[in-house]
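Chain letters run A, B, ... following the sequence lines, proteins first, then strands; residues in each count from 1. The analysis underlying the following values was restricted to heavy atoms, covering all of them including side chains, and did not include hydrogens, waters or symmetry mates. The structure presented is a predicted model; accordingly, all values stated were derived computationally and were not measured.
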Protein chains: 2
Amino acid sequence: MNNHVRELRGDQGWSQADLAERLDVSRQTVNAIETGKYDPSLPLAFKIAALFGRPIESIFDPGA
Amino acid sequence: MNNHVRELRGDQGWSQADLAERLDVSRQTVNAIETGKYDPSLPLAFKIAALFGRPIESIFDPGA
DNA sequence: GCGTCATGTCAAGCAGACTTTACATGACGC
DNA sequence: GCGTCATGTAAAGTCTGCTTGACATGACGC
């Protein structure tokens, strides 16, 4: 599952640690999501979407 | 996390088993999601949204 | 009464999401 | 050269998502 978290985070000038703190998850979790190691849970996806003020569908792309 | 899966499924006249087959998951998984035992994964949430032709945000409600 | 269908639920197991701790690297300023 | 910051990655542990198989119930038609 592709996503645009890294770009959106960059637009805000945040480090992975900054974003992790705002999402209340670990820095490794943010890194894993950005590098595509695994997908976030649905609740975390909602948090991410809310933080960036965009719909989930515009951030995450199921691709196939 | 509240959701409207049961109503949407009812609108289509599908049983839990019918929906499970269309989503390619087990009947127990559909039942668990409808009864709020746990939330679907992000990929499964995308599948559900696509099947009903609605955005994820209109089906799942993070509540808090 | 009996068979069937839809739903609910349980148990055991595997895979995925997330944690903490820790170490390695490259870029930067001093 | 040295400290610091951002990022990547790894191991081990916990909890959640999802599986199969099975059993119980209530509603329905015959």
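Judged by distance alone, with hydrogens and angles left aside, the side-chain atoms of B:D18 form a donor-acceptor pair with the main-chain N or O of B:S15 at under 3.5 Å.
When side chains are defined from C-beta on, A:I56 does not count as touching B:F60, because their heavy atoms never get closer than 4.5 Å. Taking the side chain as every heavy atom from C-beta outward, A:R54 and A:H4 never approach each other to under 4.5 Å. The side-chain heavy atoms of B:L42 and A:M1, taken from C-beta on, include a pair separated by under 4.5 Å. Contact check for B:L51 versus B:W14: side-chain heavy atoms found under the 4.5 Å cut-off.
For B:D39 and D:dC15, the CG to P distance is 17 Å, given to the nearest whole Å. The interatomic distance linking A:F46 (CZ) with C:dA17 (P) rounds to 17 Å, in whole Å. Taking atom OH of residue A:Y38 and atom P of nucleotide D:dG17, one finds them 14 Å apart after rounding to whole Å. Across the protein-nucleic acid pair, A:L42 atom CG and D:dG17 atom P stand 9 Å apart, rounded to whole Å. Between B:L44 atom CG and C:dA15 atom P the separation is 18 Å, expressed in whole Å.
A residue-by-residue look at B:R6 and B:P43 shows that B:R6 has its nearest nucleotide of DNA chain C further toward the 5' end.
For the OP1/OP2 pair of C:dT7 and a distance below 4.0 Å, the side-chain nitrogens and oxygens of B:T35 include no atom meeting the criterion. At D:dA6, none of the side-chain N or O atoms of A:R9 fall inside 4.0 Å of OP1 or OP2 (strictly under the cut-off). At the phosphate of D:dC5, neither OP1 nor OP2 sits under 4.0 Å from any side-chain N or O atom of A:S15.
Smallest separation of non-hydrogen atoms from A:P40 and A:I33: CB-CD1, 3.7 Å. The shortest non-hydrogen separation linking A:L44 to A:T29 is CD2-CG2, 4.1 Å.
Residues in residues 35-52 of chain A take part in no side-chain hydrogen bond (donor to acceptor under 3.5 Å, both in side chains) pair, two or more places apart or across chains.
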Can you give the dot-bracket line for DNA chain D, using ( ) for pairs inside the strand, [ ] for pairs that cross earlier ones, | for pairs with another strand and . for unpaired bases, where Watson-Crick and G-U count if both distances are under 3.5 Å?
-> ||||||||||||||||||||||||||||||
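Remark: A:R27 does not engage A:E21 in a salt bridge, criterion side-chain N to carboxylate O under 4.0 Å.
For the contact set between residues 16-34 of chain A and DNA chain D, defined by any heavy atom under 4.0 Å, the members are A:Q16, A:R27, A:Q28, A:N31.
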